[in-house]
Amino acid sequence: MGEVAVISPQDPVLRIGSSLTARCTVSPELGLHASTLYWTLNGMRLSGSIYSVVSPDVLSVSLHSLNGSQQQSGDNLVCHRADGHVLAGSCLYVGMPPEKPVNLTCWSRNTKDLSCKWSPGGRGETHIRTKYTLKYKLRWYGREKECENYSTGKQCNSCYIPSNLALFTPYELWVEAANQLGSATSDITTLDILDVVTTDPPANVQVSRVGDLEDQLTVRWASPPELKDILFQAKYQIRYRLEDSTEWKVVDDVGNQTSCRLAGLRFGTVYFVQVRCNPVGIYGSRKAGIWSDWSHPTAASTPSNERLQSGLCDPKPGEQNSTLRRELKQFFGWVRKHAYGCSGMSIKLYDQWRVWLQKTQKTRNQGTCCHLNNVFVYKV
């Protein structure tokens, strides 16, 4: 026995907004009249007002202004007999041809590989299966090649070239998009592998206190292992924020060091710190590399101010020596101006002053201060 019924056209591919008239033709051997049949689209029964009995064996349905397919595998158009039994089915592929892919970006982690990602053109949704192919070749010679290692999931518009790449010569790369309704090609991107090197985030980031200094933390990290055998000079950035804040403060002038002193912090406060790396001058390249992602946040707290916590020997603002207050204000202004980031000489001078000040305060607390009726005063 042959097919009991057939739908035509079978598995059509249509543009969004198109119209379609489909026919369900049943075998005369079934003894079914077309008027007893009905249609469903993705499991939903379609209104009989859009049916037409073409002949005793043929029932048609007319669909207008079609929307994009709900799944890339196609929408299910099914012909049923009166008791719900499925007689035949067809997949409708309703979508749009792809637009030109955009934002093609590539990077290398070890000068031997290349990762690239891009964005679909336009709104990005074609509603039907669309194939993206990353192609590349040496700019002036060499044959065209295709990337083979495509990512899936959230990073589906990306591909990885693991090896066999040349240095000191530019590549041309582009992306081709194609589906059953058309095709499009991105603009060509030209790059030298040495100009797009990046690294993983710096590892082993550690944040620690600087002795008893209440407003400083030291940050240390390891240089990227991927580039340990490559001639380059790393550039680092640090950013830090308060525990209860979302605003980051960035330290740009870290240079090629793998440690940095943060100054001017709040005492008794938790800070979150991150570091990232930019490999500069790979094998003499004059272009800046690509910043790595930020390292995972590392937390540390500055020491608490013991005088304020104990409640002893803390004069009221009106009782402070005005000359000392003015001098301190001038000194801190100078420190903030000259000790920002990882400057060495001013930080050392600042450290010496802070240690002297804290020793002086502790001595004064122990020998020259008394507590009278909840009023704190200094003996002169």
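With sequence neighbours excluded, the residues forming a side-chain contact (heavy atoms from CB on, under 4.5 Å) with Lys112 are Asn110, listed by chain and number. Every residue was checked against the side chain to side chain donor-acceptor pair (under 3.5 Å) condition with Glu247, not counting sequence neighbours, and none meets it. The side chain to side chain donor-acceptor pair (under 3.5 Å) search around His296 returns none, not counting sequence neighbours. For Asp244, there are no salt bridge (charged side-chain N to carboxylate O under 4.0 Å, His left out) partners, not counting sequence neighbours. Taking the salt bridge (charged side-chain N to carboxylate O under 4.0 Å, His left out) definition, one finds that Glu243 meets it with nothing, sequence neighbours left out. The ring pair (Phe, Tyr, Trp, His ring centres under 6.0 Å) test applied to Tyr38 returns His80, not counting sequence neighbours.
Membership of the apolar cluster around Val270 extends to Trp248, Phe272, as traced through chained side-chain contacts below 4.5 Å between ILVMFWY residues. Hydrophobic cluster membership for Val102: none, as no Ile, Leu, Val, Met, Phe, Trp or Tyr side chain comes under 4.5 Å of it. Other members of the hydrophobic cluster containing Trp174, listed by chain and number, are Ile188; membership follows side-chain contacts under 4.5 Å among ILVMFWY residues, whether direct or relayed.
Between Lys137 and Glu172 there is a salt bridge, since a side-chain N of the basic residue sits under 4.0 Å from a carboxylate O of the acidic one.
Note on residues 55-83: pairs passing salt bridge (Lys or Arg N to Asp or Glu O under 4.0 Å), not counting sequence neighbours, are Arg81-Asp83.
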Please list, one pair per line, the donor and acceptor atoms closer than 3.5 Å that link side chains of residues 163-171 to other protein atoms, with sequence neighbours excluded.
| residue | atom | partner | partner atom | Å |
| --- | --- | --- | --- | --- |
| Tyr171 | OH | Ala166 | N | 2.7 |

Side chains of residues 4-15: which donor-acceptor partners sit under 3.5 Å, not counting sequence neighbours?
| residue | atom | partner | partner atom | Å |
| --- | --- | --- | --- | --- |
| Gln10 | NE2 | Gly89 | O | 3.1 |
| Asp11 | OD1 | Cys91 | N | 2.8 |

